S.K.: 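The structure that follows is given in the form of structure tokens.
The structure presented is a predicted model; accordingly, all values stated were derived computationally and were not measured.
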Amino acid sequence: MAGDLRHRRASAEDGGEGAPSAGEEAAANGKDGAGEPRGKREALGWLEWGRGWMAIVGEFFFQRIAASHLANPLELPPLEGVSIIVTGATSGIGLEIARQLTQAGAHVVMAVRRPKVAQELIQKWQNESSETGTPLNAEVMELDLLSLDSVVKFADAWNARMAPLHVLINNAGIFAIGEPQRFSKDGHEEHMQVNHLAPALLAMLLIPSLLRGSPSRIVNVNSIMHTVGFVDAEDMNLRKRKYRSWLGYSNSKLAQIKFSSMLHKRIPAEAGINVICASPGIVDTNVARDLPKVVVAAYHLIPYFIFDAQEGSRSTIFAASDPQVLEYCEMLKSEDWPVCACISYDCNPMNASEEAHNLETSQLVWEKTLEMIGLPPDALEKLIAGESVQCRYGQHEA
């Protein structure tokens, strides 16, 4: 499988993979690359932007070589008694994640917009496994990330069971390349809501169940595209800047890492809730379903470089199930690392972008995100303490 995460992190301290660059250390302290305090920025610097695109191009051409040591599908430990929620589980990576975790014995909840499709998938998997005589423990619950009311309703329904939740996998996402800017009924730019705000709200509202499942995990499916993102906490919906779809997507993925990192830092170690961002690589999935037809055609002409959904699911499955990931998260927390655990497509640690290390802007993103999803500033502390929290959406009290 992958190498020992603890060993890889220790090597990073000597300047290996995962070690912060001078710019990243400066960013974590609110300084520019020269070490001087900096004012409010409006975009990435050219060097950061160039490094980001180089990382994307490098991943495209070399991901298959870098991940050649991994089994396909990934070998999984027995997962009987483990409850896992997977969003966006009816297609692409999410479908593969749900299928493999279910077949490994986990209780998998498929949180989806189209319950009927999910039910049909479960029946198909059950028929395929009928020879072994082992019933699959999977169920379907409706969830629409374009509606924060739907997120609250889902969390209410699950928390009402008073059952433990061991893993939340925020997989669902959109990338509407070339499409005009669109806003949800909640008033948020759609990339930002589906890829960041709704998953953040879901994770926060499920804290009580994750505490019951401790040691538990929140696994966010992220993207190398976060390296070219920049989040202005005062304009997360991109109303002030010229909109481009790739910018909406990359900004949402960077916002997710920043919020995840603050969540990782703020959750007490004794709570046992671990936060991980996993990058699947560049994958041929339905996240590109809104691409123009010409681009979709070109996308399918380069299958050698692009992972299929099963290959793209490996890093997320690894982050959700491998025991050493918990140890890695504990190590990062003990070292007060500025970014949450990030797992690359090859199931090894990866270092997030320089901007992801900027604690000053991460704090602003944390505060603004809580405001946008209708939670009070002290919501996490109250939820950890077992107190009720009012949410502006869905008339919810956690």
Side-chain angles (χ1 to χ4, degrees), residues 5-6 9 79 81-87 106-107 109 111 151-152 154-156 158-170 196 198-222 256-278 316 318-343 349 359 362-363 365-367 369-370 373-391 396-398:
L5 290 179
R6 291 170 297 171
R9 176 67 183 89
L79 296 174
V82 177
S83 294
I84 305 175
I85 292 174
V86 185
T87 68
H107 168 215
V109 179
V151 174
V152 172
F154 178 95
D156 276 345
W158 176 265
N159 287 333
R161 300 183 183 190
M162 301 300 291
L165 175 61
H166 301 99
V167 185
L168 167 64
I169 300 179
N170 283 316
H196 168 53
L201 178 59
L202 183 62
M204 291 289 291
L205 296 182
L206 290 176
I207 289 290
S209 294
L210 289 163
L211 285 171
R212 285 191 284 270
S214 175
S216 53
R217 317 183 196 201
I218 299 169
V219 181
N220 296 314
V221 179
N222 203 261
Q256 184 180 62
I257 291 185
K258 283 180 168 291
F259 185 87
S260 298
S261 298
M262 296 307 295
L263 184 59
H264 154 80
K265 288 175 69 68
R266 287 169 171 268
I267 293 176
E270 58 270 21
I273 301 175
N274 302 277
V275 186
I276 308 111
C277 285
T316 303
F318 176 79
S321 64
D322 196 280
Q324 64 181 314
V325 173
L326 297 181
E327 298 172 9
Y328 182 56
C329 291
E330 291 170 6
M331 178 187 299
L332 296 182
K333 185 176 285 289
S334 68
E335 296 177 358
D336 201 25
W337 191 247
V339 181
C340 68
C342 294
I343 303 298
L359 290 178
S362 293
Q363 175 64 29
V365 169
W366 168 266
E367 295 170 358
T369 296
L370 291 179
I373 61 179
L375 292 178
D378 61 349
L380 178 61
E381 290 75 18
K382 286 186 174 180
L383 290 167
I384 292 292
E387 300 177 22
S388 62
V389 170
Q390 293 287 339
C391 178
H396 171 80
E397 184 173 297

S.K.: Quick check for you: to the nearest 0.5 Å, what is the distance between I218 atom CD1 and L263 atom CG?
M.R.: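 So the CD1 of I218 and the CG of L263 are separated by 5.0 Å.
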S.K.: Just verifying a value: how many Å separate I273 CD1 and I207 CD1, rounded to the nearest 0.5 Å?
M.R.: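 These two atoms lie 4.0 Å from each other.
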S.K.: To the nearest 0.5 Å, what is the distance between OH on Y328 and SG on C340?
M.R.: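 Result: 9.5 Å between the selected atoms.
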S.K.: Contact between T87 and P199 at the side-chain level, heavy atoms closer than 4.5 Å - yes or no?
M.R.: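 Side chain of T87 against side chain of P199, heavy atoms only: no contact under 4.5 Å found.
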S.K.: Within a strict 4.5 Å, meaning less than it, do heavy atoms of the V109 and S83 side chains meet?
M.R.: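 Heavy-atom side-chain distance check fails, nothing below 4.5 Å.
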S.K.: What is the minimum heavy-atom distance between L326 and N274, and which atoms define it?
M.R.: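 For L326 versus N274, the nearest heavy atoms are CD2-ND2, 3.2 Å.
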S.K.: Using side-chain heavy atoms (C-beta onward) and a distance below 4.5 Å, is K265 in contact with L359?
M.R.: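 Answer yes - side chains close enough.
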S.K.: Looking only at heavy atoms, what is the nearest atom pair of V152 and C391, with distance?
M.R.: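 That closest heavy-atom pairing would be CG2-SG, 4.0 Å.
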S.K.: Search all heavy atoms of I373 against all heavy atoms of A200 and return the closest pair with its distance.
M.R.: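 Looking at all heavy atoms of both residues, the shortest contact is CD1-C, 4.3 Å.
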S.K.: Return the minimal non-hydrogen interatomic distance between K333 and I267, and the atom names on each side.
M.R.: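 So the two residues come closest at NZ-O, 2.7 Å.
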S.K.: Determine whether a donor-acceptor pair (N or O, by modelled atom type, separation under 3.5 Å) exists between the side chain of S334 and the backbone of M331.
M.R.: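 Side chain of S334 to backbone of M331: a pair is present.
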S.K.: Determine the sole option in L205, L201, I85 for which the side chain to side chain contact (heavy atoms under 4.5 Å, CB included) test with F154 is passed.
M.R.: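 That would be I85; it is the only one of L205, L201, I85 passing the side chain to side chain contact (heavy atoms under 4.5 Å, CB included) with F154.
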S.K.: Would you find a donor on one side and an acceptor on the other, under 3.5 Å apart, between the side chain of D322 and the backbone of F318?
M.R.: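 Answer holds: no.
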S.K.: For W366, check side chain to side chain donor-acceptor pair (under 3.5 Å) against everything at least two apart and list the hits.
M.R.: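 Side chain to side chain donor-acceptor pair (under 3.5 Å) list for W366, sorted by chain: empty.
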S.K.: Heavy-atom distance under 4.5 Å between the side chains of L370 and P376, does that happen here?
M.R.: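 SC-SC contact between L370 and P376 ruled out.
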S.K.: Is there a side-chain contact between E387 and E381 (heavy atoms, below 4.5 Å)?
M.R.: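 The answer is no; the side chains never approach within 4.5 Å.
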S.K.: Shortest non-hydrogen contact from S209 to N159?
M.R.: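 Result for this residue pair: OG-OD1, 2.6 Å.
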S.K.: Does H166 reach the main-chain N or O of I84 with its side chain, forming a donor-acceptor pair under 3.5 Å?
M.R.: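 Not a single qualifying donor-acceptor pair exists.
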S.K.: Strictly distance-based, threshold 3.5 Å: is any side-chain N or O of R217 a donor or acceptor partner for the main-chain N or O of I276?
M.R.: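 Not a single qualifying donor-acceptor pair exists.
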S.K.: Which heavy atom in Q256 sits nearest to a heavy atom in N222, and how many Å separate them?
M.R.: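 That closest heavy-atom pairing would be OE1-ND2, 2.7 Å.
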